Trainee: 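Handing you a structure now.
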Amino acid sequence: MDKAINEWLLEYDKIKEIAEMIHTEELPDETETLALQRSGVEELPLRYINGRGWYRQYQYVLLLKSNSEDDLQRLDNLDWLDDLSNWIHQKNISRDYPKLKDKKVKKVSCANAVTMETSEDGSISTYYLQLYFNIEGGI
(Lines give C-alpha, C1' and ligand atoms only; values in the text may rest on other atoms or scores of the structure.)
Protein backbone atom coordinates (compact mmCIF):
# COMPACT_ATOMS: atom_id res chain seq x y z
CA MET A 1 0.00 0.00 0.00
CA ASP A 2 2.80 2.44 0.87
CA LYS A 3 4.33 1.87 -2.57
CA ALA A 4 1.03 2.73 -4.30
CA ILE A 5 0.71 5.93 -2.25
CA ASN A 6 4.31 6.85 -3.03
CA GLU A 7 3.69 6.34 -6.78
CA TRP A 8 0.47 8.35 -6.58
CA LEU A 9 2.32 11.29 -5.01
CA LEU A 10 4.90 11.13 -7.80
CA GLU A 11 2.09 12.02 -10.23
CA TYR A 12 2.33 15.56 -8.86
CA ASP A 13 4.52 17.25 -11.49
CA LYS A 14 6.25 19.62 -9.10
CA ILE A 15 7.66 16.72 -7.07
CA LYS A 16 10.11 16.07 -9.88
CA GLU A 17 11.46 19.61 -9.34
CA ILE A 18 12.53 18.47 -5.87
CA ALA A 19 13.45 14.80 -6.30
CA GLU A 20 13.18 11.84 -8.67
CA MET A 21 11.91 9.61 -5.88
CA ILE A 22 10.28 9.72 -2.47
CA HIS A 23 12.31 7.87 0.13
CA THR A 24 10.65 5.57 2.63
CA GLU A 25 10.69 6.48 6.32
CA GLU A 26 13.92 8.54 6.45
CA LEU A 27 15.41 11.50 4.64
CA PRO A 28 18.92 11.06 3.23
CA ASP A 29 21.68 13.49 4.20
CA GLU A 30 21.49 15.59 1.02
CA THR A 31 19.02 18.44 0.55
CA GLU A 32 16.16 18.69 -1.94
CA THR A 33 14.78 15.32 -0.89
CA LEU A 34 11.44 13.86 0.17
CA ALA A 35 10.46 10.97 2.43
CA LEU A 36 7.14 9.38 3.31
CA GLN A 37 6.72 8.05 6.85
CA ARG A 38 3.73 6.15 8.14
CA SER A 39 2.73 7.84 11.39
CA GLY A 40 -0.30 5.81 12.45
CA VAL A 41 -3.37 3.75 11.64
CA GLU A 42 -6.74 4.45 13.20
CA GLU A 43 -9.87 2.31 13.05
CA LEU A 44 -12.87 4.22 11.71
CA PRO A 45 -16.53 3.24 12.07
CA LEU A 46 -17.98 1.47 9.05
CA ARG A 47 -20.06 3.81 6.97
CA TYR A 48 -23.17 1.61 7.00
CA ILE A 49 -24.63 -0.53 9.79
CA ASN A 50 -24.64 -3.63 7.61
CA GLY A 51 -21.11 -2.92 6.33
CA ARG A 52 -18.57 -5.70 6.12
CA GLY A 53 -14.81 -5.58 6.24
CA TRP A 54 -12.97 -2.70 7.86
CA TYR A 55 -12.51 1.03 7.47
CA ARG A 56 -9.24 2.66 8.60
CA GLN A 57 -7.37 5.90 8.33
CA TYR A 58 -3.72 5.45 7.38
CA GLN A 59 -1.73 8.46 8.48
CA TYR A 60 1.54 9.59 6.91
CA VAL A 61 3.99 12.44 7.12
CA LEU A 62 5.59 13.69 3.93
CA LEU A 63 8.97 15.21 4.78
CA LEU A 64 10.69 17.79 2.59
CA LYS A 65 14.33 18.71 3.24
CA SER A 66 15.31 21.84 1.39
CA ASN A 67 17.62 24.84 1.43
CA SER A 68 16.34 27.63 3.65
CA GLU A 69 19.14 30.18 3.74
CA ASP A 70 16.83 33.18 3.53
CA ASP A 71 13.21 34.15 3.96
CA LEU A 72 12.47 33.82 0.25
CA GLN A 73 13.62 30.17 0.17
CA ARG A 74 11.61 29.37 3.30
CA LEU A 75 8.49 30.99 1.83
CA ASP A 76 9.00 29.11 -1.46
CA ASN A 77 9.20 25.83 0.46
CA LEU A 78 5.96 26.53 2.31
CA ASP A 79 4.30 27.61 -0.97
CA TRP A 80 5.40 24.29 -2.50
CA LEU A 81 3.70 22.40 0.33
CA ASP A 82 0.58 24.55 -0.07
CA ASP A 83 0.50 23.74 -3.81
CA LEU A 84 0.81 20.04 -3.02
CA SER A 85 -2.05 20.38 -0.52
CA ASN A 86 -4.18 21.98 -3.25
CA TRP A 87 -3.30 19.15 -5.66
CA ILE A 88 -4.35 16.57 -3.04
CA HIS A 89 -7.59 18.47 -2.47
CA GLN A 90 -8.34 18.41 -6.22
CA LYS A 91 -7.55 14.68 -6.38
CA ASN A 92 -10.01 14.14 -3.54
CA ILE A 93 -12.73 16.08 -5.37
CA SER A 94 -12.18 14.05 -8.56
CA ARG A 95 -11.78 10.82 -6.54
CA ASP A 96 -8.49 10.16 -8.29
CA TYR A 97 -6.91 8.04 -5.59
CA PRO A 98 -4.03 5.56 -5.35
CA LYS A 99 -4.97 2.17 -6.77
CA LEU A 100 -4.68 -0.48 -4.07
CA LYS A 101 -4.97 -4.24 -4.36
CA ASP A 102 -7.92 -5.63 -2.36
CA LYS A 103 -8.56 -2.21 -0.76
CA LYS A 104 -10.24 1.01 -1.78
CA VAL A 105 -9.30 4.58 -0.90
CA LYS A 106 -12.44 6.51 0.05
CA LYS A 107 -10.95 9.88 1.01
CA VAL A 108 -7.59 11.67 1.04
CA SER A 109 -6.83 14.78 3.05
CA CYS A 110 -3.86 16.67 4.43
CA ALA A 111 -3.04 19.15 7.17
CA ASN A 112 -0.31 21.13 8.89
CA ALA A 113 2.25 22.09 6.27
CA VAL A 114 4.85 23.41 8.71
CA THR A 115 8.56 23.70 9.37
CA MET A 116 9.63 20.78 11.55
CA GLU A 117 13.29 21.62 12.15
CA THR A 118 16.06 23.86 10.92
CA SER A 119 19.81 23.28 10.94
CA GLU A 120 21.90 25.25 13.43
CA ASP A 121 23.04 27.71 10.79
CA GLY A 122 19.53 27.97 9.29
CA SER A 123 20.65 26.90 5.83
CA ILE A 124 18.59 23.68 5.65
CA SER A 125 15.07 23.06 6.94
CA THR A 126 12.84 20.03 7.13
CA TYR A 127 9.15 20.60 6.52
CA TYR A 128 6.29 18.21 6.94
CA LEU A 129 2.80 17.71 5.66
CA GLN A 130 0.40 15.29 7.33
CA LEU A 131 -1.50 13.02 4.93
CA TYR A 132 -4.61 10.99 5.71
CA PHE A 133 -5.93 8.12 3.59
CA ASN A 134 -9.31 6.66 4.58
CA ILE A 135 -9.33 3.10 3.23
CA GLU A 136 -11.88 0.29 3.09
CA GLY A 137 -10.74 -3.29 3.01
CA GLY A 138 -11.59 -6.87 3.90
CA ILE A 139 -14.77 -6.85 1.81
Side-chain angles (χ1 to χ4, degrees):
M1 181 168 61
D2 294 354
K3 183 177 179 184
I5 290 171
N6 192 316
E7 290 171 359
W8 179 77
L9 286 168
L10 286 170
E11 292 176 13
Y12 179 59
D13 290 334
K14 289 186 178 182
I15 278 187
K16 300 212 175 36
E17 295 172 5
I18 303 284
E20 288 300 312
M21 66 179 293
I22 300 172
H23 297 275
T24 302
E25 294 299 320
E26 294 185 18
L27 286 166
D29 289 335
E30 62 267 7
T31 58
E32 305 308 320
T33 58
L34 296 161
L36 186 66
Q37 293 180 345
R38 188 182 293 191
S39 59
V41 178
E42 183 179 333
E43 291 291 328
L44 298 173
L46 289 171
R47 297 174 75 177
Y48 303 102
I49 293 173
N50 62 350
R52 298 174 308 183
W54 51 261
Y55 191 43
R56 297 179 187 138
Q57 183 179 80
Y58 287 80
Q59 303 159 359
Y60 293 86
V61 174
L62 181 69
L63 299 170
L64 163 66
K65 187 195 285 185
S66 188
N67 293 317
S68 59
E69 294 169 350
D70 57 39
D71 286 343
L72 187 57
Q73 284 181 325
R74 288 187 284 279
L75 290 171
D76 284 346
N77 293 333
L78 290 169
D79 284 347
W80 188 89
L81 287 171
D82 288 342
D83 289 344
L84 176 58
S85 297
N86 291 336
W87 180 83
I88 290 169
H89 178 72
Q90 290 303 316
K91 292 290 188 178
N92 196 55
I93 290 171
S94 65
R95 298 180 190 252
D96 183 2
Y97 301 131
K99 307 298 184 245
L100 306 176
K101 186 176 182 178
D102 302 324
K103 298 173 190 82
K104 185 172 184 178
V105 177
K106 300 302 279 184
K107 181 181 178 185
V108 177
S109 58
C110 57
N112 299 325
V114 298
T115 305
M116 186 171 88
E117 67 182 10
T118 302
S119 64
E120 246 181 72
D121 66 359
S123 65
I124 299 170
S125 293
T126 302
Y127 304 85
Y128 82 87
L129 177 67
Q130 294 173 296
L131 305 174
Y132 305 99
F133 294 83
N134 292 6
I135 298 174
E136 275 183 346
I139 299 172

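All values reported here derive from a predicted model rather than from experimental measurement. In this chain, residues are counted from 1 in sequence order.
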Trainee: Decide yes or no on side-chain hydrogen bond (donor to acceptor under 3.5 Å, both in side chains) for Gln73 and Asn67, but give the supporting numbers first.
Mentor: CA-CA 7 Å; Gln73 284 181 325; Asn67 293 317; 5.8 Å; no
Trainee: Listing request: all ring-ring contact (aromatic ring centres under 6.0 Å, His included) pairs with a residue in residues 96-137, at least two apart in sequence or in separate chains.
Mentor: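 Residue pairs with at least one partner in residues 96-137: Trp8-Phe133, Tyr60-Phe133.
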Trainee: So which heavy atom on Ile135 is nearest to which on Trp54, and how close?
Mentor: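 Answer, listing the atom of Ile135 first, then Trp54: O-CZ3, 3.4 Å.
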Trainee: Using the test side chain to side chain contact (heavy atoms under 4.5 Å, CB included), find all partners of Lys104 that sit at least two apart in sequence or belong to another chain.
Mentor: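 Counting only residues at least two positions away or on another chain, Lys104 forms a side chain to side chain contact (heavy atoms under 4.5 Å, CB included) with Lys106.
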Trainee: Is there side-chain contact between Ile124 and Thr118, with heavy atoms separated by less than 4.5 Å?
Mentor: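 When only atoms from C-beta onward are counted, Thr118 and Ile124 do not touch, as no gap falls below 4.5 Å.
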Trainee: For Thr126, what residues pass the side chain to side chain contact (heavy atoms under 4.5 Å, CB included) criterion, not counting sequence neighbours?
Mentor: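 Testing Thr126 for side chain to side chain contact (heavy atoms under 4.5 Å, CB included), a comparison that skips the adjacent residues, returns Leu27, Leu63, Lys65, Met116, Glu117.
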Trainee: Taking side chain as C-beta onward, heavy atoms only, is Leu100 less than 4.5 Å from Val105?
Mentor: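 The answer is yes, as the side chains (C-beta and beyond) meet within the 4.5 Å cut-off.
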Trainee: Scan for salt bridge (charged side-chain N to carboxylate O under 4.0 Å, His left out) pairs involving residues 66-80, sequence neighbours excluded, and state none if there are none.
Mentor: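 Sorted result for residues 66-80: Asp71-Arg74.
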Trainee: If you apply the rule side-chain contact (heavy atoms from CB on, under 4.5 Å), what do you find for Ile15 with Trp80, and how did you get there?
Mentor: CA-CA 9 Å; Ile15 278 187; Trp80 188 89; 3.7 Å; yes
Trainee: Using the side chain to side chain donor-acceptor pair (under 3.5 Å) criterion, which residues pair with Ser123? Sequence neighbours excluded.
Mentor: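 Result, side chain to side chain donor-acceptor pair (under 3.5 Å) vs Ser123: Asp121.
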Trainee: Can you tell me which residue pairs pass the salt bridge (charged side-chain N to carboxylate O under 4.0 Å, His left out) test with a partner in residues 29-46, sequence neighbours excluded?
Mentor: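 For residues 29-46: Asp2-Arg38, Glu43-Arg56.
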Trainee: Run the salt bridge (Lys or Arg N to Asp or Glu O under 4.0 Å) test against Asp96 and tell me which residues pass, sequence neighbours left out.
Mentor: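 Asp96 satisfies salt bridge (Lys or Arg N to Asp or Glu O under 4.0 Å) with Lys91 once adjacent residues are dropped.
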Trainee: Keeping to residues at least two apart or across chains, list the side chain to side chain donor-acceptor pair (under 3.5 Å) pairs with something in residues 10-20.
Mentor: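 Every pair satisfying side chain to side chain donor-acceptor pair (under 3.5 Å) with a residue in residues 10-20: Lys14-Asp83.
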Trainee: Please name all residues satisfying side chain to side chain donor-acceptor pair (under 3.5 Å) with Thr31, sequence neighbours left out, ordered by chain then number.
Mentor: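 If we apply the side chain to side chain donor-acceptor pair (under 3.5 Å) test to Thr31, skipping adjacent residues, there are no hits.
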Trainee: For the residue pair Leu9 and Leu36, establish whether any side-chain heavy-atom pair is separated by less than 4.5 Å.
Mentor: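 A side-chain contact exists here, since the closest heavy-atom pair is under 4.5 Å.
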Trainee: To the nearest 0.5 Å, tell me how far Ser68 OG sits from Leu75 CG.
Mentor: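 With rounding to 0.5 Å, OG (Ser68) is 11.0 Å from CG (Leu75).
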Trainee: Distance from Asn6 atom CG to Met1 atom CE, nearest 0.5 Å?
Mentor: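 Answer rounded to 0.5 Å: 12.5 Å.
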Trainee: Could you report the tightest heavy-atom contact between Ala19 and Thr33, atom names first, then the distance?
Mentor: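 Looks like CB-CA, 4.4 Å.
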Trainee: Flag the pair Leu62 / Ile22 as yes when at least one side-chain heavy-atom distance between them is below 4.5 Å, and no otherwise.
Mentor: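 Of all side-chain heavy-atom pairs linking Ile22 with Leu62, at least one is under 4.5 Å.
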Trainee: Under the rule for side chain to side chain donor-acceptor pair (under 3.5 Å), what residues qualify as partners of Ser109, not counting sequence neighbours?
Mentor: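 Scan of Ser109 (side chain to side chain donor-acceptor pair (under 3.5 Å), adjacent residues dropped) gives none.
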Trainee: Any non-hydrogen side-chain atom of Gln57 less than 4.5 Å from a side-chain atom of Val41?
Mentor: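 Heavy-atom side-chain distance check fails, nothing below 4.5 Å.
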Trainee: Treat each ILVMFWY residue as a node, draw an edge where side-chain heavy atoms are under 4.5 Å apart, and state whether Leu64 and Val61 are in one component.
Mentor: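 In one cluster: no.
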Trainee: If the condition is side chain to side chain donor-acceptor pair (under 3.5 Å), which residues does Thr24 pass it with, not counting sequence neighbours?
Mentor: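 Listed in chain order: nothing, the list is empty.
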Trainee: I need the Ile88 CD1 to Leu84 CG distance, nearest 0.5 Å.
Mentor: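 Answer for the CD1-CG pair, Ile88 versus Leu84, is 4.0 Å.
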Trainee: Would you say the side chains of Thr115 and Ser125 form a donor-acceptor pair under 3.5 Å?
Mentor: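 No - no donor-acceptor pair under 3.5 Å links their side chains.
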Trainee: Working to the nearest 0.5 Å, report the span between CD of Gln130 and OG of Ser39.
Mentor: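 Output value for this atom pair is 6.5 Å.
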Trainee: How many angstroms lie between atom CG of Asn112 and atom CG of Leu131, to the nearest 0.5 angstrom?
Mentor: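 Rounded to the nearest 0.5 Å, the CG-CG separation comes out at 11.0 Å.
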Trainee: If you count every heavy atom of other residues, nucleotides or ligands that lies below 6.0 Å from Lys3 atom NZ, does the total exceed 12?
Mentor: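 Incorrect, the count does not exceed 12.
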